Amino acid sequence: MKLVPPFDTETARLKVQAAQDAWNTRSPERVAGAYTPDSVWRNRSEFVRGTDEIVAFLTEKWEREHEYVLRKSLWAFGDDRIAVRFQYEWHDDEGQWWRSYGNENWEFAPSGLMSRREASINDVRIAESERRIDPDSTYDIPTE
């Protein structure tokens with residue numbers, strides 16, 4: 001099955017799962033392969049354009065976000081767009097754990113590659129004992 005627009009419920013959910021799986025590899029090149037060469041991102045307050053900048057951004061991200069594990073959930077979809085909500089957990093160089101909450105809006109080219117990604121993210125300091133995302137499971141986002 002090709003995961004290209006226009007999306008239906010099944011293909012939108014599969015696209016979200018594929019993105020989650022790719023990001024959890026923490027491989028900048030693998031993740032960047034899902035985006036058009038001229039893809040435009042807004043990630044928090046940073047603006048990233050094109051494959052080289054995506055790879056550089058993700059390389060820096062995962063150099064400081066250790067033991068990163070992500071869960072995404074489909075929020076809405078239509079034609080060539082998908083909206084997701086997500087949570088991820090990670091720790092910094094000092095061992096402080098964080099849970100990051102966010103929403104993303106995605107726009108896709110006819111090829112199925114993502115041409116635009118808009119991400120709003122907030123970080124919450126947590127104790128290691130408060131972690132709730134199991135890196136060995138692929139379940140949906142935990143609820144509070």
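All values derive from a computational prediction rather than experimental measurement.
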Aromatic centroids of Phe108 and Phe7 separated by under 6.0 Å: yes
Distance-minimising heavy-atom pair for Trp62 and Pro28: CZ3-N, 3.9 Å
Under 3.5 Å side-chain donor-acceptor pair for Arg117 and Asn43: yes
Where Ser115 and Thr36 come nearest, the two heavy atoms and their spacing: CA-OG1, 3.5 Å
Rounded distance [0.5 Å steps], CZ in Arg116 versus OG in Ser39: 8.5 Å
Joint cluster assignment, Ile121 & Val31, ILVMFWY side-chain distance < 4.5 Å: yes
Note: Arg99-Glu130 ion pair, threshold 4.0 Å (strictly below): no
Side chains of Gln87 and Arg132 in contact at under 4.5 Å (non-hydrogen atoms): yes
Residue pair His66 / Asp93, side-chain donor-acceptor N/O under 3.5 Å: yes
Expected output: side-chain Arg64 to main-chain Glu60 donor-acceptor under 3.5 Å: yes
Check: Lys15 side chain, Glu10 main-chain N or O, donor-acceptor pair, under 3.5 Å: no
Verdict with supporting geometry, Asp80 and Glu107, side chain to side chain contact (heavy atoms under 4.5 Å, CB included): CA-CA 6 Å; Asp80 63 348; Glu107 184 175 17; 3.9 Å; yes
Aromatic contact, Tyr35 with Trp41 (centres under 6.0 Å): yes
Verdict with supporting geometry, Phe77 and Val16, side chain to side chain contact (heavy atoms under 4.5 Å, CB included): CA-CA 11 Å; Phe77 68 91; Val16 171; over 6 Å; no
Considering all heavy atoms, the nearest Pro110-Pro5 contact: O-CD, 4.0 Å
Distance flag, aromatic centroids of Tyr88 and Tyr68, threshold under 6.0 Å: yes
Same cluster (ILVMFWY, side-chain, under 4.5 Å), Phe57 and Met114: yes
Over 12 non-hydrogen atoms of neighbours within 6.0 angstrom of CZ in Arg13: no
Polar contact flag, side-chain donor to acceptor under 3.5 angstrom, Glu104-Trp106: yes
Carboxylate-amine/guanidinium proximity below 4.0 Å for Asp123 and Arg44: yes
Arg42 side chain vs Ala119 backbone, donor-acceptor pair below 3.5 Å: yes
Within-4.5 Å side-chain heavy-atom neighbours: Trp90 and Ser100: yes
Least distance between heavy atoms, Ile133 atom then Pro135 atom: O-CD, 3.3 Å
Heavy-atom side-chain contact between Asp92 and Trp97 under 4.5 Å: no
Check: Trp75/Asn103 side-chain N/O donor and acceptor closer than 3.5 Å: no
Salt-bridge criterion met for Lys61 and Glu63 (N-O under 4.0 Å): no
Shortest non-hydrogen contact from Asn105 toward Ala83: OD1-CB, 3.6 Å
Heavy-atom pair of closest approach, residues Ala32 and Ile54: CB-CG2, 3.8 Å
Neighbour count above 12 (heavy atom, 6.0 Å) for Asp79 CG: no
Note, Ile126 side chain near Trp98 side chain (heavy atom, < 4.5 Å): no
Path from Leu70 to Leu74 over hydrophobic side-chain contacts below 4.5 Å: yes
Heavy-atom side-chain proximity of Met1 to Leu3 below 4.5 angstrom: yes
Close side-chain approach of Gln96 to His91, heavy-atom, < 4.5 Å: no
